[in-house]
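The block underneath contains the structure these notes are about, expressed in structure tokens.
Order of the sequence lines sets the chain letters (A, B, ...), proteins ahead of strands, with each chain counted from 1.
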2 protein chains.
Amino acid sequence: MEKKDIHNSEVPVICRSCEARHRGICGVLDPDQLMKLGKQTTKQVRRADEELISAGSDVRTYSNIMSGVVKLTKLMADGRQQIVALQFAPDFMGRPFHSQSEISAEAATEVRLCSFPASTLESLIAESPELERKLHEQNLKELDEARDWMLTLGRKTASEKIASFFYMIANHVDPELEVGNGPVKFDIPLKRADIADFLGLTIETVSRQITKLRKAGVFEIENNRTVIVPKMSKLKNACEVEH
Amino acid sequence: MEKKDIHNSEVPVICRSCEARHRGICGVLDPDQLMKLGKQTTKQVRRADEELISAGSDVRTYSNIMSGVVKLTKLMADGRQQIVALQFAPDFMGRPFHSQSEISAEAATEVRLCSFPASTLESLIAESPELERKLHEQNLKELDEARDWMLTLGRKTASEKIASFFYMIANHVDPELEVGNGPVKFDIPLKRADIADFLGLTIETVSRQITKLRKAGVFEIENNRTVIVPKMSKLKNACEVEH
DNA sequence: CGACGCCTTGATCAACTTCAAATTTTGTGG
DNA sequence: CCACAAAATTTGAAGTTGATCAAGGCGTCG
């Protein structure tokens, strides 16, 4: 018992200040494994708009997101673009077992990453089924999110899309804050052009619909970036308006 | 060696005629495991439009698709609907480790299923990491497909959406037939209303765009259901038209 | 200050939807 | 096999939504 406690305190220096340590994939690692991973790990800070993974490149490094927001984008030959997912701390970034699809990752805000070689993760997976399970569970979550968003892209109006986007961000900013109806305040992590690429709209339509919802009292906006939602129920209703 | 051969031939009767046996999740099971699963398994045939899994229900049965096409749909309160995925043989159907998202599954065509209790699968997973890996890989594939489709929904025109849909079906009908440029013939597994729900369009727009592409010589149609693509390259080009 | 990036607003336009009706296909009973 | 009803698809005309084109405002940074 004593020994175990001592052992437990042997956490890599690099991990000690990590708020995501218990929530991300690191949460399922035992202290030895965490040490092994920690030794190979480097922290990095990337500024907004930096490209983290470019489409088609062979990624031999994986990362955990410690803070900030990452956007995953798909690009068509003529320049049309679609953001297919947003990732937040403590999400795992990178695709084990290769991927046929061409996706690139970009920092949407300033992002702090914890990066390590793919081979290290792969050897940890081999010795720990829980780690594979954890990755599997994140993928299942991402699949659910992708499908939710398909409904938004395919069937919602521009105004509902904006409301749905704000609703999703509001819930991500404060995950423990359940659908408490009280006021919620947060910064939009994307600029208008990114919101447009996420929702399948143009920046002009995004701007107009934000104005419309603001005037309808669904939320207020400060400095173009900070959103205040007085009543979450009202925002939620705006995500799916009956005729 | 002799013994192993005998053992290998002890494949459940129910599996012997299954074309999907080596490709789906069953492909990673050893003969003992296959026997165990086979004993709990029932075959069923469901007709087109039957509901297989209803949104929000607690699914205690999983299935492998032996033939036919299954559509996964999401429904809004006011009736708007989006098909978020199509599944083909030998896909695994069901969601291990629960799901927060409300999806229902319906037979798009006549479907033959191989069904077994969730608990059986879960105990097989516990003893075979390869099985979990196989399920994980299918989920990764589904995630890639979902994100590809998000680009289609968010950024493609009606005409490109139709072409993309036909292109996807053509590739699924004959997976071993690589992008051979020669003529491909297949049946559309969905009726117009389903195509509309898959592409985020109305049936009228689907009909008009199909007519347009047909008149442009991208494909021919027989009996409203059978499509003949003379040149796959032409269909592929129609998936992403430069201005 | 002036230039640049970002966002908003206005006017016009095109794509897609909606509403309505005709036509074709499919299924059923005689 | 035909007749007929029901379902599915196509076609047409008009209406809306969101895109496009074009300016103008605001804030930041050199």
Side-chain angles (χ1 to χ4, degrees), chain A residues 47-50 76 78-82 108-109 152-166 187-216 219-227 238 241 243, chain B residues 47-49 71 76 78-82 108-110 152-166 187-216 219-227 238 241-243:
Chain A
R47 321 210 73 216
D49 294 328
E50 275 191 67
M76 289 171 67
D78 62 359
R80 281 176 284 177
Q81 197 169 18
Q82 176 71 44
T109 62
T152 301
L153 287 173
R155 288 304 186 196
K156 291 192 181 176
T157 64
S159 164
E160 291 171 331
K161 284 178 177 181
I162 295 291
S164 301
F165 171 67
F166 280 16
D187 275 15
I188 311 171
L190 305 184
K191 59 183 74 160
R192 298 295 184 271
D194 287 334
I195 300 176
D197 281 343
F198 193 38
L199 296 173
L201 300 170
T202 59
I203 51 173
E204 294 94 333
T205 301
V206 169
S207 179
R208 275 187 258 266
Q209 298 302 327
I210 289 178
T211 303
K212 190 181 130 195
L213 290 169
R214 191 167 46 69
K215 286 184 176 161
F219 48 72
E220 295 155 46
I221 295 203
E222 283 171 5
N223 307 322
N224 273 345
R225 276 271 168 163
T226 307
V227 177
V241 182
H243 299 303
Chain B
R47 319 211 73 214
D49 294 329
K71 54 189 187 191
M76 289 172 68
D78 62 0
R80 280 176 284 176
Q81 197 169 19
Q82 177 70 45
T109 62
E110 179 175 289
T152 301
L153 288 173
R155 288 305 186 196
K156 292 194 181 174
T157 64
S159 164
E160 291 171 331
K161 285 178 178 181
I162 296 290
S164 302
F165 171 68
F166 280 14
D187 274 16
I188 311 172
L190 305 184
K191 60 182 74 163
R192 299 295 184 271
D194 286 334
I195 299 176
D197 281 342
F198 193 38
L199 297 172
L201 300 170
T202 59
I203 52 172
E204 293 93 334
T205 301
V206 169
S207 177
R208 277 187 257 267
Q209 298 303 327
I210 288 179
T211 302
K212 190 182 130 195
L213 290 169
R214 190 167 46 69
K215 286 184 177 161
F219 48 71
E220 296 155 46
I221 296 202
E222 283 171 5
N223 307 323
N224 275 344
R225 276 269 168 163
T226 307
V227 177
V241 182
E242 303 275 339
H243 298 303

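Qualifying side-chain hydrogen bond (donor to acceptor under 3.5 Å, both in side chains) partners for Asn224(A), counting only residues two or more places apart in sequence or in other chains: none. Lys71(B) meets the side-chain hydrogen bond (donor to acceptor under 3.5 Å, both in side chains) test with Glu106(B), Asp194(B); sequence neighbours excluded. Applying the side-chain hydrogen bond (donor to acceptor under 3.5 Å, both in side chains) rule to Thr205(A) yields the partners Thr202(A); only residues at least two apart in sequence or on another chain are considered. By the salt bridge (Lys or Arg N to Asp or Glu O under 4.0 Å) test, Glu220(B) is found to be paired with no residue, residues two or more places apart in sequence or in another chain being considered. With sequence neighbours left out, Asp187(A) forms a side-chain hydrogen bond (donor to acceptor under 3.5 Å, both in side chains) with Thr226(A). Looking at residues two or more places apart in sequence or on another chain, you find no salt bridge (Lys or Arg N to Asp or Glu O under 4.0 Å) involving Glu204(B). For Phe219(B), the ring pair (Phe, Tyr, Trp, His ring centres under 6.0 Å) test picks out Phe166(B), with sequence neighbours left out.
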Under 3.5 Å, which donor-acceptor pairs link side chains of residues 152-164 of chain A to any protein atom two or more places apart or in another chain?
| residue | atom | partner | partner atom | Å |
| --- | --- | --- | --- | --- |
| Thr152(A) | OG1 | Asp148(A) | O | 3.4 |
| Arg155(A) | NE | Gln81(B) | O | 2.8 |
| Arg155(A) | NH1 | Leu201(B) | O | 3.1 |
| Arg155(A) | NH2 | Ala196(B) | O | 3.0 |
| Arg155(A) | NH2 | Asp197(B) | OD1 | 2.9 |
| Arg155(A) | NH2 | Leu201(B) | O | 2.9 |
| Lys156(A) | NZ | Ser164(A) | OG | 3.1 |
| Lys156(A) | NZ | Cys239(A) | O | 3.3 |
| Thr157(A) | OG1 | Glu160(A) | N | 3.2 |
| Thr157(A) | OG1 | Glu160(A) | OE1 | 3.3 |
| Glu160(A) | OE1 | Thr157(A) | N | 2.9 |
| Glu160(A) | OE1 | Arg80(B) | NH1 | 2.8 |
| Glu160(A) | OE2 | Val241(A) | N | 2.8 |
| Glu160(A) | OE2 | Arg80(B) | NH2 | 2.9 |
| Lys161(A) | NZ | Leu199(A) | O | 3.0 |
| Ser164(A) | OG | Glu160(A) | O | 2.7 |

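Extent of DNA chain C lying under 4.0 Å from chain A heavy atoms, first and last nucleotide in 5' to 3' order, is dC6(C) to dA11(C).
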Distances under 3.5 Å only, N/O to N/O: pair up the protein atoms with those of nucleotides 6-9 of chain D.
| residue | atom | partner | partner atom | Å |
| --- | --- | --- | --- | --- |
| dA8(D) | OP1 | Lys191(B) | NZ | 3.1 |
| dT9(D) | OP2 | Arg192(B) | N | 3.1 |

Close N/O contacts between protein and nucleotides 21-30 of chain D (under 3.5 Å):
| residue | atom | partner | partner atom | Å |
| --- | --- | --- | --- | --- |
| dC21(D) | N4 | Glu204(A) | OE2 | 3.1 |

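Among the atoms of the strands shown, only primed sugar atoms or phosphate atoms (P, OP1, OP2) are found under 4.0 Å from some heavy atom of Leu201(B).
Annotation: side chain of Arg225(A) is in contact with side chain of Lys191(A) (closest heavy-atom distance under 4.5 Å).
Minimum heavy-atom separation, Ala48(A) to Ala108(A): CB-O, 3.6 Å.
Side-chain atoms of Ser207(B) do not come within 3.5 Å of backbone N or O of Ile203(B) as any donor-acceptor pair.
Over its full length, the helix from dC1(C)-dG30(D) to dG30(C)-dC1(D) turns its helical axis through 40°, comparing axes from the five pairs at each end and rounding to 10°.
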